[in-house]
Amino acid sequence: MNMNRAGRREWTGLAALILPTLLISIDVSVLHLAVPALTEDLRPTSAQLLWINDIYGFLIAGFLITMGNVGDRVGRRKLLLIGGAAFAGASVLAAYAPSAELLIAARALLGVAGATLMPSTLSLIRNMFRDSAQRTTAISLWMTGFTGGMVVGPLVGGALLENFWWGSVFLLNVPVMAILLVAGPLLLPEYRAPAIGRIDPLSVLLSVAAALLAIYGVKEIASYGFAWPAAAALLAGIALAVVFVRRQHRLDDPLLDMRLFAERRFTAALGILMLTILIDPPFSLLIGQHLQLVNGLSPLTAGLLMLPASLAVIAGFLVSPALARRIRPGYLAGAGLAVGAAGFLLLTQVTTDSHPALLVASQVLFFLGASPIFVLGTDLVVGAAPPERSGSAAALSETGQEFGGALGLAVFGSVAAAVYRATLEVPAGAPAAVGEAARDTLGGALAAARDLPQATADALSLTAREAFTTSINVTGAIGAAILVVTAVLAVLFLPTASDPDRPEEDTPPQENAGDLQLRP
């Protein structure tokens with residue numbers, strides 16, 4: 001009998017671990033639907049509305065490393081349950097917030113609580129599923145839950161907003177977290193590393209400040225273009241990150257064990273994950289704009305046309321464990337990324353007259369092809385770390401992907417904007433103010449065209465749509481090139497054969513074992 005293999009309790013416990021990830025992804029998407037109603041009720045300023053949307057994601061990213069380390073020290077199950085209770089409480093505060101200021105505060109608390117959930121669930125999976133094949137399957141189901149939340153979020157949010165007030169989208173969190181709080185102690189064992197010293201407060205401050213400043217700077221540049229305040233925030237974040245890393249090398253009990261990066265599989269998988277996630281958010285944004293502003297589809301129709309990509313990635317998550325039992329991770333990830341590159345090559349063929357099916361096919365190929373690296377890369381990152389550091393490894397995986405997504409929006413958003421401006425030809429006779437608005441964004445060009453004579457308006461609309469399509473062609477080619485390079489890196493640096501550096505499966509931990517404590 002293989003003592004490493006998980007049984008019925010572990011698989012049932014996995015269902016409880018999927019609940020928080022499902023909620024986090026739903027919570028990201030439903031707020032966008034609630035914005036019109038809460039704006040009418042709370043009357044936030046434009047700056048307050050921005051913070052209502054952004055502070056949740058900022059604080060999740062900022063506190064991931066700290067919370068992953070806290071879970072390693074105090075116990076992953078304990079931190080998960082504390083975070084779940086805090087998430088439910090903050091959800092009630094958000095639902096009944098009487099002002100924009102209090103809603104921002106509640107969203108901030110949700111972000112800090114949310115940062116406890118992702119690394120805790122992933123590190124518990126690493127310790128509950130000691131068999132590598134079972135762990136890959138468990139991670140694929142965990143990621144399916146997260147993606148499923150992104151799919152059902154708009155549907156659930158729309159149904160709630162159709163029948164209740166805007167705060168109802170937050171109250172959805174309460175019964176789900178109540179289930180977690182009841183099921184967690186019954187189904188989830190406790191894991192913690194007993195031999196780690198006290199947390200270094202300065203390291204916590206440095207890690208949070210570095211992550212917040214860097215991601216804020218990148219997102220501001222992505223949203224509004226280059227500006228010195230955003231650039232200064234990004235540079236300050238990078239500088240603090242350097243100070244943080246140097247401090248970790250000097251500490252006996254670091255907040256982040258830099259020895260993790262000495263493990264080749266860990267570093268390679270983390271880097272390849274970041275390169276892949278770099279491409280996802282900006283192209284989803286560009287394709288969504290093309291469907292609405294170039295193809296002329298309604299937001300609902302455009303949203304429905306983007307559902308096949310979500311279903312493709314879910315299908316990819318579910319089949320990846322079975323494929324991984326037959327194909328080595330490096331080859332499987334490399335082949336998948338090559339398929340994703342083919343999807344991006346389709347974007348180079350898009351014109352203003354292209355059928356929307358071409359854009360849908362591009363997205364489907366990318367998400368289907370990228371799904372193996374998301375599953376296998378996450379598995380390699382968490383599995384490469386020793387059990388007592390699995391919380392820190394999980395937090396690094398999530399932080400890397402958060403930063404990769406933000407960086408992708410900034411880089412590809414800037415490239416697309418530059419190509420758009422360079423290829424846009426403002427019709428002769430258009431006022432200077434119209435030309436300035438048109439060069440800013442495609443939406444600005446179409447809005448400015450409404451006030452022009454018909455012939456000039458048609459000419460401006462056509463050239464703006466053509467310029468935007470050209471920006472998609474160029475960035476699609478760049479994205480395909482990045483995916484080809486990433487596929488080569490996956491084949492070269494991820495395991496492609498029996499890996500002598502890969503440790504044998506961990507033996508089941510015993511109570512008060514030297515490096516890990518397991519409690520029922």
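Keep in mind that what you see is a predicted model, and the values were worked out from it rather than measured.
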Is any side-chain heavy atom of [X] closer than 4.5 Å to a side-chain heavy atom of [Y]?
X: L376; Y: L332; value: yes
X: I314; Y: L318; value: yes
X: L489; Y: L275; value: yes
X: L141; Y: W11; value: yes
X: E398; Y: L122; value: yes
X: L103; Y: L38; value: yes
X: S140; Y: S320; value: no
X: F129; Y: L14; value: yes

Could you state the interatomic distance from [atom1] ([X]) to [atom2] ([Y]), rounded to the nearest 0.5 Å?
X: M258; Y: R246; atom1: CE; atom2: CZ; answer: 12.5 Å
X: L19; Y: T121; atom1: CG; atom2: OG1; answer: 10.5 Å
X: L79; Y: T116; atom1: CG; atom2: OG1; answer: 5.0 Å
X: R135; Y: L380; atom1: CZ; atom2: CG; answer: 8.5 Å
X: Q134; Y: M128; atom1: CD; atom2: CE; answer: 10.5 Å
X: R264; Y: F493; atom1: CZ; atom2: CZ; answer: 8.0 Å

What do the steps show when you test L180 against F87 for side-chain contact (heavy atoms from CB on, under 4.5 Å), and what is the final call? CA-CA 11 Å; L180 175 66; F87 200 87; over 6 Å; no
Is it true that S123 and N127 share a donor-acceptor pair across their side chains at a distance under 3.5 Å? no
Does anything in residues 231-284 form a ring-ring contact (aromatic ring centres under 6.0 Å, His included)? List the pairs, not counting sequence neighbours. F261-F266, F283-F344, F283-F412
On a heavy-atom basis, which atom in [X] and which in [Y] lie closest, and how many Å separate them?
X: L181; Y: L81; result: CD2-O, 3.3 Å
X: L110; Y: S91; result: CD2-OG, 3.4 Å
X: L64; Y: A115; result: CD2-O, 3.8 Å
X: P282; Y: G408; result: CG-O, 3.6 Å
X: G62; Y: A211; result: CA-CB, 3.7 Å
X: G167; Y: A95; result: O-CB, 3.2 Å

Would you find a donor on one side and an acceptor on the other, under 3.5 Å apart, between the side chain of [X] and the backbone of [Y]?
X: T21; Y: I18; result: yes
X: T136; Y: S132; result: yes
X: R76; Y: L124; result: no
X: S120; Y: L117; result: no
X: R265; Y: L494; result: no
X: R77; Y: L188; result: yes

Could you walk me through whether D280 and F367 pass the side-chain contact (heavy atoms from CB on, under 4.5 Å) check? CA-CA 8 Å; D280 173 16; F367 281 110; 3.2 Å; yes
Under a 4.0 Å N-O cut-off, is there an ion pair linking R247 with D200? yes
Taking the six-membered ring for Trp, is the centroid-to-centroid distance between F317 and W142 below 6.0 Å? no
Begin from the C-alpha positions of V112 and M67 and carry the test side-chain contact (heavy atoms from CB on, under 4.5 Å) through to its verdict. CA-CA 9 Å; V112 176; M67 293 305 181; 3.9 Å; yes
Apply the test side-chain contact (heavy atoms from CB on, under 4.5 Å) to residues L59 and L212: give CA-CA distance (whole Å), side-chain angles for both, the deciding distance (0.1 Å), then the verdict. CA-CA 7 Å; L59 291 183; L212 289 178; 3.9 Å; yes
